[in-house]
Amino acid sequence: MNAKEFLGVELPIIQAPMAGVQDSDLTIAVSSAGGLGSLPCAMLELDMIDAELNTITENTDKSFNVNFFCHTPPIVNAERESRWRAELQPYFTEYHIDADSIPAGASREPFRTQVVDVLEKYKPKVVSFHFGLPERKLLTKIKSWGTKILASATTIEEARWLEAHGADGIIAQGLEAGGHRGMFLTKDLTTQVGTLSLLPQIIQNVSVPVVAAGGICNAQGVTAALSLGAIAVQVGTAYLLCSETKTSQLHRAAIKSQTANHTAITNIFSGRPARSIVNRAVKEIGPINTHASEFPLAATSITALRKEAESKKCSDFSPLWCGQNASGCKEVSASALTKELAAGL
């Protein structure tokens with residue numbers, strides 16, 4: 001099976017869903033160019049998901065992907081939250097922030113029944129998930145539309161679990177990938193391996209199509225992944241500088257500077273491991289801090305610092321999501337980049 005048969009696309013390029021740095025503009029551009037544009041919905045309210053999907057379907061008749069998180073909503077632990085805020089207190093003092101004024105609560109909702117009701121109006125070609133899968137009855141409803149289910153795996157065990165629980169395809173997310181790790185069966189970071197090691201092992205252990213993700217940012221990387229048996233590649237970092245993204249000027253500056261060569265997996269921005277450019281916060285608070293509140297609660301407190309710092313044109317406390325290979329980042333249109341990634345195929 002190839003990408004056209006499985007995903008309904010001309011080019012075997014999936015644009016990684018990147019919450020916080022994109023909206024439907026990027027999705028439309030990539031899908032219109034022949035790839036599979038993706039819309040990240042983990043941080044969107046239901047009315048915004050509806051509005052964005054309406055915008056996409058009004059501007060392209062091509063296939064697109066809608067992405068969601070499948071985490072278990074945490075219960076606020078006052079003691080753990082207190083430890084996390086104590087860890088951040090020196091920085092609150094520096095920026096004259098009253099920690100008591102910061103609300104406690106989640107900033108990301110997991111996939112749920114109400115979302116399925118919104119999706120049913122549009123019946124997207126692909127729905128993808130991070131951190132596992134939702135309950136079977138929701139998957140059954142989605143699949144009844146002819147929609148394909150993709151989900152991220154960071155280990156062989158996760159890939160097998162996803163196949164057994166209803167995934168139609170697996171995204172093999174290598175260690176190089178920017179943003180959140182899709183890991184969900186373990187918290188042990190020593191289990192995480194690179195894309196070119198993970199990809200063939202997952203292919204050997206599942207019977208569903210596999211997509212390669214992590215560290216792929218040019219046509220040579222795409223060709224290499226396909227030669228190893230992937231039906232498509234998922235690319236995120238390379239799109240960060242495209243004209244259709246909403247990447248902030250501070251984030252863009254970090255990507256274009258030499259600091260993009262230094263990334264780390266850190267839990268300080270959300271409570272879950274994610275790859276970011278190393279900045280002051282990662283160096284001084286992380287990269288892995290055991291006091292960080294459970295995902296996604298850790299984001300609330302550090303976002304207060306981020307806002308104050310960014311108001312002063314400083315990215316010291318910003319989550320500068322970026323993969324290990326930013327060499328393919330270009331200030332071009334997403335359409336041009338998508339076609340360039342597929343050059344020679």
Side-chain angles (χ1 to χ4, degrees), residues 16-22 40-45 67-77 80-88 91-92 97 99 102-111 128-132 151-152 154 173 175 177-189 192 213-214 236-237 240 246-248 250-251 254 263-310 315-324:
M18 299 181 289
V21 296
Q22 70 152 116
C41 294
M43 298 177 68
L44 301 182
E45 299 294 338
N67 177 259
F68 299 91
F69 286 173
C70 286
H71 62 288
T72 300
I75 297 173
V76 177
N77 182 314
R80 186 169 180 177
E81 184 66 23
S82 178
R83 289 198 302 268
W84 180 225
R85 294 194 179 194
E87 189 82 23
L88 301 178
Y91 306 103
F92 291 150
I97 296 172
I102 303 172
S107 58
R108 295 168 175 85
E109 290 285 348
F111 194 74
S128 66
F129 295 100
H130 224 46
F131 313 139
S152 297
T154 68
Q173 188 193 35
L175 187 64
H180 282 96
R181 307 295 303 147
M183 56 198 303
F184 62 95
L185 291 183
T186 178
K187 295 182 179 180
D188 184 359
L189 287 172
Q192 306 296 285
T237 298
L240 285 172
K246 302 301 184 286
T247 310
S248 71
L250 290 172
H251 198 165
T263 65
I265 293 177
T266 178
N267 70 338
I268 66 169
F269 294 116
S270 72
R272 270 187 183 261
R275 186 173 293 283
S276 168
I277 294 172
V278 173
N279 57 8
R280 180 187 177 192
V282 176
K283 288 178 181 176
E284 296 181 6
I285 307 169
I288 300 297
N289 191 302
T290 57
H291 292 159
S293 298
E294 189 176 355
F295 178 90
L297 302 177
T300 305
S301 294
I302 205 161
T303 295
L305 286 166
R306 172 188 180 177
K307 289 179 178 178
E308 285 298 317
E310 289 184 350
S315 61
D316 281 354
F317 296 91
S318 303
L320 303 171
W321 305 136
C322 183
Q324 285 187 319

Practice task
Report the distance from atom OG of Ser293 to atom CD1 of Ile268, rounding to the nearest 0.5 Å.
Solution key: 12.5 Å
Exercise for the section: Just jot down the side chain to side chain contact (heavy atoms under 4.5 Å, CB included) partners of Glu87, sequence neighbours excluded, or say none. Expected result: Trp84, Ile285, Asn289, His291
Fill in the blank from the handout: d(Met183 CE, Gln192 CD) to nearest 0.5 Å is 4.0 Å
Practice task
Could you go through the side-chain contact (heavy atoms from CB on, under 4.5 Å) check for Ile288 and Leu189 one step at a time?
Solution key: CA-CA 10 Å; Ile288 300 297; Leu189 287 172; 3.9 Å; yes
Exercise for the section: For Arg272 and Gly182, indicate whether the former's side chain and the latter's backbone hold a donor-acceptor pair under 3.5 Å. Expected result: no
Exercise for the section: May I ask you to decide if Ile277's main-chain N or O and Thr263's side chain share a donor-acceptor pair within less than 3.5 Å? Expected result: no
Exercise for the section: Determine yes or no for a side-chain-to-main-chain donor-acceptor pair under 3.5 angstrom, with Gln173 supplying the side chain and Ser152 the backbone. Expected result: no
Practice task
Check whether any side-chain heavy atom of Ile102 sits under 4.5 Å from a side-chain heavy atom of Phe92, and report yes or no.
Solution key: yes
Exercise for the section: With the side chain counted from C-beta on, respond yes when Pro287 and Ile265 share a heavy-atom pair under 4.5 Å apart, and no when they do not. Expected result: no
Handout entry: Lys307 side, atom NZ; Ile97 side, atom CD1 - distance, nearest 0.5 Å
Key = 10.5 Å
Exercise for the section: Quick one: do Phe69 and Phe129 satisfy ring pair (Phe, Tyr, Trp, His ring centres under 6.0 Å)? Show the steps, please. Expected result: CA-CA 6 Å; Phe69 286 173; Phe129 295 100; over 10 Å; no
Handout entry: Which atom of Ser276 lies closest to which atom of Pro319, heavy atoms considered
Key = OG-C, 4.1 Å
Completion exercise
Tightest non-hydrogen contact, residues Val282 and Phe269, listed as CG2-CE1, 3.7 Å
Exercise for the section: For Glu81 and Asn77, indicate whether the former's side chain and the latter's backbone hold a donor-acceptor pair under 3.5 Å. Expected result: no
Completion exercise
Here the pair of heavy atoms bringing Gly236 nearest to Ala16 is CA-CB, 3.6 Å
Practice task
Would you tell me whether His180 and Ser270 have side-chain atoms, one donor and one acceptor, within less than 3.5 Å of each other?
Solution key: yes
Handout entry: Minimum side-chain heavy-atom gap Glu284-Tyr91 below 4.5 Å
Key = yes
Handout entry: Flag side-chain contact, heavy atom, 4.5 Å: His71 against Pro296
Key = yes
Handout entry: Separation of His251 NE2 from Ser318 OG (nearest 0.5 Å)
Key = 9.0 Å
Completion exercise
On a heavy-atom basis, the closest approach of Pro103 and Thr300 is O-CG2, 2.8 Å
Practice task
Find out whether Trp321 and Met18 are in side-chain contact, i.e. whether some heavy atom of one side chain is under 4.5 Å from a heavy atom of the other.
Solution key: no
Problem - Flag, side chain of Arg181 to backbone of Thr154, donor-acceptor distance under 3.5 Å - result: no
Exercise for the section: Give, for atom OG of Ser301 and atom CG of Leu88, the distance between the pair rounded to the nearest 0.5 Å. Expected result: 6.0 Å
Exercise for the section: Could you check whether the rings of Phe295 and Phe131 sit parallel, tilted or perpendicular, using 30° and 60° as the cut-offs? Expected result: perpendicular
Handout entry: Nearest-0.5 Å distance that lies between atom OG in Ser315 and atom CG in Leu320
Key = 5.0 Å
